[in-house]
Amino acid sequence: MALPVLSVSSMKKKKKPSLVLTLSSAGLLIGGGVAAYWLLNQGQLFSKNLPVGANIIPQDALFAVSLTTDPAQWQQLREFGTKETQVELDRYLVQLRDRFINNKGYDFQKDISPWVGEQVTIAILAPQATKPALKPIATDGSIPNQQSLVMVLPIKDQQKAQNILAQPQALKGGEWSERSYEGIAIKETKSTSGENLSAAVINSRFLVIADDSKTIEQAIQAYRNKTSLATSAGFADNFPKIASSQPFAQYYVNVPSSAKIAAASGNRHLPAQVLAQLQNNQGLAGTVTLEPQGIRVQGVSWLNPNSQRVLAVENKAGKMQNRVPSETLMMFSGGNLQRFWADYVSTSQGNPLSPIAPEQLRGGVKSLVNLDLERDLLSWMGGEFSLSVIPNSLSEDFRASLLFMVQARDRDRAETSLKQLDEVMKTQYQFQIQQTTVAGKPIVNWIGPLGTLTATHGWLDEDIAFLALGAPISDRIIPKPNNALAINPLFQTTVPLEKNPKNSQFFLDVERTAKNFPLPTLLPNQQAWLKATRSVGITTAIEDSRTNRYEIFLGLKKAGKPASLKSSSVNPTSSLTPLPTLSNASGIPLRATPPSP
């Protein structure tokens, strides 16, 4: 028997986001116009640029992701990387396909592909009061059964869908039963192991699958009462800003709710003041697209409409890449160092997850050079700044230089601070302070007790101060280099240039950095994934007082055409790999999807 649909007439009956960086950590500083349509309510035209099922997923969803069902895009994804990472990715995709599709008696190409739309959406809902507290994500990427999960599959061919849905496969040891909820037929089955599955067809356009009978009811209510993601604060306004014609994925994160759940379920609890700060944020969303040379993420985050916090619209970054040499390994730049620090303090105060506590940095500067970080240094650093790592093969003492540049708002005050800094290095650390010139410009060298040139500071222009630690590089930045990072082909293809003006930029030549410098191990099988990556580029911009835009590009190597996927436990099926998008009737393997910023 086919699943009944919600008619238009039945609908009418109801109302309806350390100031000092070591070279080792530099390599890891990363941390729609689609053809997907959603129905706001009966009789209305479809609206573009929102994920499939946005009008069905309840507003309290913690996370939602829409994934393409286009086999060509999944094939393109599998071609990225190295042979080693290709094997790793394929092994994971096979596990997902066999666990959630083949082991349930279905073949994606034969049973699902003929009728499903261009994308499917999976969401994790806020835990229900009747469910146990959330557990952390397992090491294999799966989500514990305590999660409430819902999946929306758009139906592009109703007749072919009815042919499959008329005789659905029951879970192992279970049988299908049928009931009605608010006039919508729901079919349910339960396996002998306790796994549940509920399914309903809404308006003949969407097949909705959930892991729990209450969850399927939540989705129906969200659709009927217009309490879905599509009507949540800022969602419909911001998602079209990151639209793409053929996205590989689109995602949404409910920032305050997710933080609260994660804090309660993890081993490290966030303090109350940090959770209070996160309540100012509302949503984080992004669109992932595959390009010939890598993966691009266009994102947007927005504040709660009732938040007392507002963003300062100040986008003044984008010039420092013209002042560093082409061979620069890493560069991070921002528009206003004073504001950058103030924002960091406001969001990291008391936060155990912050890389370094503001009070520790203040104390470190005070104990090392006897200067007040904010009064003596940051007070005049109100312009664009950058931090770069520049390799050097000529120096026997240092393999690279850490270069800091900043636009001074008060040069007299800056000169006073730099003289204080020279005096401290001379009297406290017995450095020789040497004044000299490069290309006619005065600079100051710090010569260590053993006669090694350790640091240099000076002025590039009237208001651009610089401090270089490590290898001597003054002659490579004075005068302004003709062969600058800005015209480096890798920089140009990696760092998104469309955002102009910019609030910040980040560039990392992963391939050369990982090859020449040791990096701390933070990820499983990290070295293999680093070998698969060429570069990383990030650009951000403050759009208005409540909206922040960002764009990320991951430059990836290519391993070539992969072999067909083989089945690990059941009869082999086709090499199609959109199967993780359909694997979540009872669990979402989040790590099968591209990572969000």
Side-chain angles (χ1 to χ4, degrees), residues 18-22 25-26 29 273 277 309-321 323-324 330-351 354-389 401-425 428-429 443-444 446 455-470 477 501-506 540-542 548:
S18 90
L19 190 56
V20 177
L21 296 176
T22 64
S25 63
L29 281 177
Q273 65 267 29
Q277 292 170 4
R309 179 193 174 200
V310 294
L311 303 175
V313 184
E314 188 174 25
N315 301 300
K316 297 182 179 180
K319 298 179 180 179
M320 290 303 189
Q321 63 267 27
R323 297 183 177 275
V324 295
M330 184 279 291
M331 186 202 75
F332 169 72
S333 67
N336 185 325
L337 186 56
Q338 280 181 334
R339 192 174 300 283
F340 179 83
W341 171 253
D343 289 341
Y344 180 76
V345 170
S346 66
T347 56
S348 62
Q349 198 78 39
N351 187 349
S354 298
I356 183 170
E359 55 272 17
Q360 289 181 334
L361 191 52
R362 293 190 189 102
V365 172
K366 185 68 175 178
S367 64
L368 286 173
V369 296
N370 197 30
L371 293 178
D372 184 281
L373 175 63
E374 284 144 331
R375 185 187 66 239
D376 298 327
L377 297 174
L378 291 173
S379 62
W380 53 268
M381 298 180 179
E384 185 178 3
F385 68 97
S386 69
L387 189 69
S388 306
V389 175
S401 177
L402 188 66
L403 174 65
F404 171 68
M405 298 189 294
V406 63
Q407 183 180 24
R409 292 285 177 86
D410 187 335
R411 176 154 178 168
D412 290 339
R413 192 164 188 170
E415 292 278 16
T416 299
S417 297
L418 292 173
K419 288 179 181 179
Q420 289 178 289
L421 194 57
D422 290 340
E423 187 63 23
V424 170
M425 300 306 296
Q428 186 170 332
Y429 297 101
I443 62 171
V444 176
W446 294 349
T456 301
H457 70 78
W459 295 87
L460 299 180
D461 289 322
E462 281 299 315
D463 59 351
I464 305 294
F466 77 91
L467 172 65
L469 304 175
I477 60 175
K502 306 170 180 65
N503 180 259
S504 68
Q505 287 182 300
F506 175 77
T540 70
I542 306 297
N548 192 7

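If you're wondering where the values come from, they're calculated on a predicted model, not measured in any experiment.
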Report summary line: Distance col, row Q360:CD vs S367:OG, nearest 0.5 angstrom, shows 11.0 Å
Query raised in the report: Can you tell me if T456 uses its side chain to pair, donor with acceptor, with the backbone of A468 under 3.5 Å?
Result: no
Query - Nearest heavy atoms of L377 and S417, plus distance in Å - result: CD2-CB, 4.3 Å
Report task. Go through the steps for K319 and E384 under the test salt bridge (Lys or Arg N to Asp or Glu O under 4.0 Å), then give the verdict. Result -> CA-CA 8 Å; K319 298 179 180 179; E384 185 178 3; 5.8 Å; no
Query raised in the report: Between W446 and L421, is any pair of side-chain heavy atoms under 4.5 Å apart?
Result: yes
Requested in this report: Output the distance between atom CE (M405) and atom CG (L337), rounded to the nearest 0.5 Å.
Outcome: 13.0 Å
Query raised in the report: Are the side chain of Y429 and the backbone of V369 linked by a donor-acceptor contact shorter than 3.5 Å?
Result: no
Report summary line: Closest non-hydrogen atoms of R309 and L311, given as atom of the first, atom of the second and distance, are NH2-CD2, 3.8 Å
Query raised in the report: Hey, are the side chains of W341 and L373 touching, using non-hydrogen atoms and a 4.5 Å cut-off?
Result: yes
Query raised in the report: Do side-chain atoms of E314 reach the backbone of N503 as a donor and acceptor pair under 3.5 angstrom?
Result: no
Report summary line: Tightest non-hydrogen contact, residues A541 and P501, listed as CB-O, 3.8 Å
Report task. Find out whether W380 and D412 are in side-chain contact, i.e. whether some heavy atom of one side chain is under 4.5 Å from a heavy atom of the other. Result -> no
Report task. Could you pull out the closest heavy-atom pair between A312 and R339, with the gap in Å? Result -> CB-NH1, 3.4 Å
Query raised in the report: Below 4.5 Å, heavy atoms only, C-beta onward: do Y344 and P355 meet side chain to side chain?
Result: yes
Report summary line: Correct closest heavy-atom pair for M331 and S388 would be CG-OG, 3.3 Å
Query raised in the report: Atom CD1 of I464 and atom CZ of R411: how far apart are they, to the nearest 0.5 Å?
Result: 10.5 Å
Query raised in the report: What's the spacing between L418 CG and E423 CD if we round to 0.5 Å?
Result: 13.5 Å
Requested in this report: Look at the rings of F332 and F506 and say which category their plane angle falls in: under 30° parallel, 30 to 60° tilted, over 60° perpendicular.
Outcome: tilted
Report task. Measure the CE-OG distance between M330 and S386 for me, rounded to the nearest 0.5 Å. Result -> 9.5 Å
Requested in this report: Could you tell me which non-hydrogen atom of Q338 sits nearest to which non-hydrogen atom of S379, and how far apart they are?
Outcome: NE2-O, 2.8 Å
Query - Pairwise distance CD1(I477) to OG(S401) - rounded to 0.5 angstrom - result: 8.0 Å
**Report entry** side-chain hydrogen bond (donor to acceptor under 3.5 Å, both in side chains) contacts touching residues 459-469 (sequence neighbours left out)
**Finding:** R323-D461, Q407-D463, E415-W459
Query raised in the report: Are the side chains of K419 and V444 in touch, meaning some heavy atoms are under 4.5 Å apart?
Result: no
